[in-house]
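Just below is one structure, and these are the notes that go with it.
Throughout, residue positions are numbered sequentially from 1 according to the sequence presented. What you are looking at is a predicted structure, and each value in this text was computed from that prediction instead of being measured.
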Amino acid sequence: MTSVFCGIDWATDHHDIALLDETGTLLAKLRIDDSPQGLTQLLNLLARHGDNPDNPIPVAIETSHGLLVACLRTTERPIYVINPLTAARYRDRYALSRKKSDHLDAKVLAHILRTDPAEHRPLPADSHLAQAITVLARAQQDAVWDRVQNSNRLRSHLREYFPAFLTVFKHFREGLASPVSRTLLAAAPTPTQAAQLTRPQLRSILKKAGRQREITSEAERLHSLLRQPQMHQPPLVEHAMGTKTLALLRQLNAACTSADELEAALLNAFTTHQDAEIITSFPGLGHLTGARVLAELGDDHTRFTTARALKAYAGSAPITRSSGRRTTVLARHIKNQPLASAGYNWAFAALTASPGARAHYDHRRAAEERHVAAQRNLFNRLLGCLHHCLTHHILYNEQTAFPNTA
């Protein structure tokens, strides 16, 4: 049985450690550098107070990232990640004067483990592959957001002097991020230059962008649209704006390249994972969305003991607030946001991929639920099915998931 508890106040260049016994008495305190020598000092300190493979001393810390946490995970000890807001509220129990120090914060984290271990979950024992998928999935999502941001910045700039270019590519699903639009804009960043492009030049641009079909007809369409009359900025101003466009285009190209490369790496890692077949058996879960779901769930199937716990973590389950005679049911705002975002896309895609999902959604809408609420409820239902399939290692079955669908 654990009788010693460790709290670590994490910082960028040093860490404060406090060890408490089961009565709350301070056994030891230490400040270490963020270095291999500091890690060795920490492990030696734990060993002197009874740490061993059969009974490792649990650790509480306010972050789940970084080399210190990664190294501590290799020791297979329980690591509890405490939300900083939670730790701040606990601090008032031990310092009514509202004083604060790194050593006190480390003690507070150790006290949290000592008094309320059942209220906090240790880091899941995810495999290294699952951890790598998490890194890639979150990086790819950040790259997609960067791509959208840079595309919007470029679009806003083009409206000031070259709005006709936006109408030329308005039917492209990727918009300005499409290879054709980026290649053409790099060749002719101003309306004057674009109007001077010949048909052979346009065909060459389309081929350079990777276009393989209907090159001649598309070149003819571009040739006609780019030569239509339009308003112009003064020549010097137009040239300056074209130069700025090239600078913005380089940023967009970098974001597009990053997103594509990270997506390829993510899909390559995801398809080698043992849970990939189960996850992609669900309607609406392709490889990319499925990888994002796995990234946030991990592959430690003991992490969520019940489907209800998983639904609360994803934010699909509602939260009830009851006081006196008043009871309200609200959407859950404290949740894993990346998982909730992936779940929204998943539920939306499932509407056309699964008759049962569509019937479930239509039933909620018939009960006068808003679209977002009905879709969240469908995500909630699918999450329960996913939890069952992952814990029992079985594929999705439409009839089992929605037995009442005709």
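- Counting only distance, with no hydrogens or angles, the side chain of T115 and the backbone of H111 share a donor-acceptor pair below 3.5 Å.
- S151 places no side-chain N or O within donor-acceptor distance of the main-chain N or O of R147, the cut-off being under 3.5 Å.
- The backbone N or O of P283 lies less than 3.5 Å from a partner atom in the side chain of W346, making a donor-acceptor pair.
- Here the side chains of L68 and I61 are in contact, with some heavy-atom distance below 4.5 Å.
- Remark: the backbone N or O of D300 is paired with a side-chain donor or acceptor of D126 at under 3.5 angstrom.
- Within a 6.0 Å sphere centred on CG of L67, heavy atoms belonging to other residues, nucleotides or ligands number 12 at most.
- The aromatic rings of Y396 and F282 sit tilted, their planes meeting at an angle between 30° and 60°.
- Within 6.0 Å of the CZ atom in R153, the count of heavy atoms belonging to other residues, nucleotides or ligands exceeds 12.
- Residues A312 and A317 come closest through the heavy atom pair N-CB, 4.2 Å.
- Remark: H49 NE2 is packed, more than 12 non-hydrogen atoms of other residues, nucleotides or ligands lying under 6.0 Å away.
- Partners of S35 according to the side chain to side chain donor-acceptor pair (under 3.5 Å) rule, which considers only residues two or more places apart in sequence or in another chain, are Q37.
- Between Y90 and H120, the angle of the ring planes lies from 30° to 60°, which puts this pair in the tilted group.
- Side chain of Q233 to backbone of V237: no donor-acceptor contact under 3.5 angstrom is found.
- Under the side-chain contact (heavy atoms from CB on, under 4.5 Å) rule, L185 has a single partner from T190, V180, T245, which is T245.
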Start with the C-alpha gap between D299 and H273, add the side-chain angles, then the distance that decides, and say whether side chain to side chain donor-acceptor pair (under 3.5 Å) holds. CA-CA 9 Å; D299 57 4; H273 195 279; 2.9 Å; yes
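- Annotation: K29, atom NZ; neighbour count of heavy atoms from other residues, nucleotides and ligands within 6.0 Å does not exceed 12.
- Heavy-atom contacts from other residues, nucleotides or ligands closer than 6.0 Å to CD of E214 number 12 or fewer.
- Looking at I394 and I278, their side chains never come closer than 4.5 Å, going by heavy atoms from C-beta outward.
- Remark: D116 pairs with R93 by the salt bridge (Lys or Arg N to Asp or Glu O under 4.0 Å) rule, at least two apart or across chains.
- Minimum heavy-atom separation, S64 to L123: CB-CD2, 4.0 Å.
- For D105, the salt bridge (Lys or Arg N to Asp or Glu O under 4.0 Å) partners at least two apart in sequence or on another chain are R91, K100.
- Formation of a donor-acceptor pair under 3.5 Å by the R292 side chain with backbone atoms of A342 is not found in this model.
- The two residues V69 and T63 make their nearest non-hydrogen contact at CG2-O, 3.5 Å.
- Atom NE2 of H360 is separated from atom CG of L382 by 8.0 Å, given to the nearest 0.5 angstrom.
- The pair D21-R114 does not meet the salt-bridge criterion, since no charged nitrogen lies less than 4.0 angstrom from a carboxylate oxygen.
- With contacts defined as side-chain heavy-atom distances shorter than 4.5 Å, the pair E398/S354 qualifies.
- Note: T289 OG1 to L294 CG = 12.5 Å, rounded to the nearest 0.5 Å.
- In this view, T280 satisfies the side chain to side chain donor-acceptor pair (under 3.5 Å) rule with no residue, not counting sequence neighbours.
- Scanning for ring-ring contact (aromatic ring centres under 6.0 Å, His included) contacts around H392 gives H388, with sequence neighbours left out.
- L43 contributes atom CG, which lies 6.5 Å from atom CG of L72 (distance to the nearest 0.5 angstrom).
- Residues satisfying the side chain to side chain donor-acceptor pair (under 3.5 Å) test with N336, not counting sequence neighbours, are E296, Y313.
- Rounding to the nearest 0.5 Å gives a distance of 12.0 Å between CG of L136 and CD of E261.
- Separating the CZ atom in F304 from the CG atom in L297 is a distance of 6.0 Å, to the nearest 0.5 Å.
- Within 6.0 Å of CD in Q337 there are more than 12 heavy atoms belonging to other residues, nucleotides or ligands.
- For the side-chain hydrogen bond (donor to acceptor under 3.5 Å, both in side chains) with Y361, the qualifying choice from H371, E369, Q375 is H371, the only one to do so.
- Using a 4.5 Å cut-off on side-chain heavy atoms (C-beta onward), T192 and H239 make no contact.
- Using a 4.5 Å cut-off on side-chain heavy atoms (C-beta onward), L20 and T25 make no contact.
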Could you go through residues 198-205 and list every donor-acceptor pair under 3.5 Å that involves a side-chain atom there, pairing it with any protein atom two or more places apart or in another chain?
from, atom 1, to, atom 2, distance (Å)
T198, OG1, Q201, N, 3.3
T198, OG1, Q201, OE1, 3.3
R199, NE, E220, OE1, 2.8
R199, NH2, E220, OE2, 3.2
Q201, OE1, T198, N, 2.9

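- In this structure, I8 and L109 have side chains that are not in contact, with every pair of non-hydrogen atoms separated by 4.5 Å or more.
- The main-chain N or O of R121 is never found under 3.5 Å from a side-chain atom of R303 such that the two would form a donor-acceptor pair.
- A donor-acceptor contact shorter than 3.5 Å is absent between the side chain of H15 and the backbone of D34.
- With salt bridges taken as basic N to acidic carboxylate O contacts below 4.0 Å, one links R358 and D362.
- Remark: H301 pairs with H393 by the ring-ring contact (aromatic ring centres under 6.0 Å, His included) rule, at least two apart or across chains.
- Residues forming a side chain to side chain donor-acceptor pair (under 3.5 Å) with E218 (at least two apart in sequence, or on another chain): R221.
- To the nearest 0.5 Å, atoms OG1 (T271) and CG (L267) are separated by 7.0 Å.
- Judged by distance alone, with hydrogens and angles left aside, the side-chain atoms of D13 form no donor-acceptor pair with the main-chain N or O of A11 at under 3.5 Å.
- A 4.5 Å side-chain heavy-atom check between R77 and V59 finds at least one atom pair inside the cut-off.
- Note on K107 versus D9: no salt bridge recorded, every NZ/NE/NH1/NH2 to OD/OE distance being 4.0 Å or above.
- Looking at residues two or more places apart in sequence or on another chain, you find a ring-ring contact (aromatic ring centres under 6.0 Å, His included) between F165 and F162, F169.
- The environment of CD1 in I334 is sparse: at most 12 heavy-atom neighbours from other residues, nucleotides or ligands sit within 6.0 Å.
- Under the salt bridge (charged side-chain N to carboxylate O under 4.0 Å, His left out) criterion, no residue pair touches residues 244-257, with sequence neighbours excluded.
- H363 meets the ring-ring contact (aromatic ring centres under 6.0 Å, His included) test with no other residue; sequence neighbours excluded.
- Side-chain contact check for N44 versus Q41: every heavy-atom pair is 4.5 Å or farther apart.
- N150 places a side-chain N or O within donor-acceptor distance of the main-chain N or O of D146, the cut-off being under 3.5 Å.
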Is there a side chain to side chain donor-acceptor pair (under 3.5 Å) between T400 and N397 once you walk through the steps? CA-CA 5 Å; T400 304; N397 182 279; 3.1 Å; yes
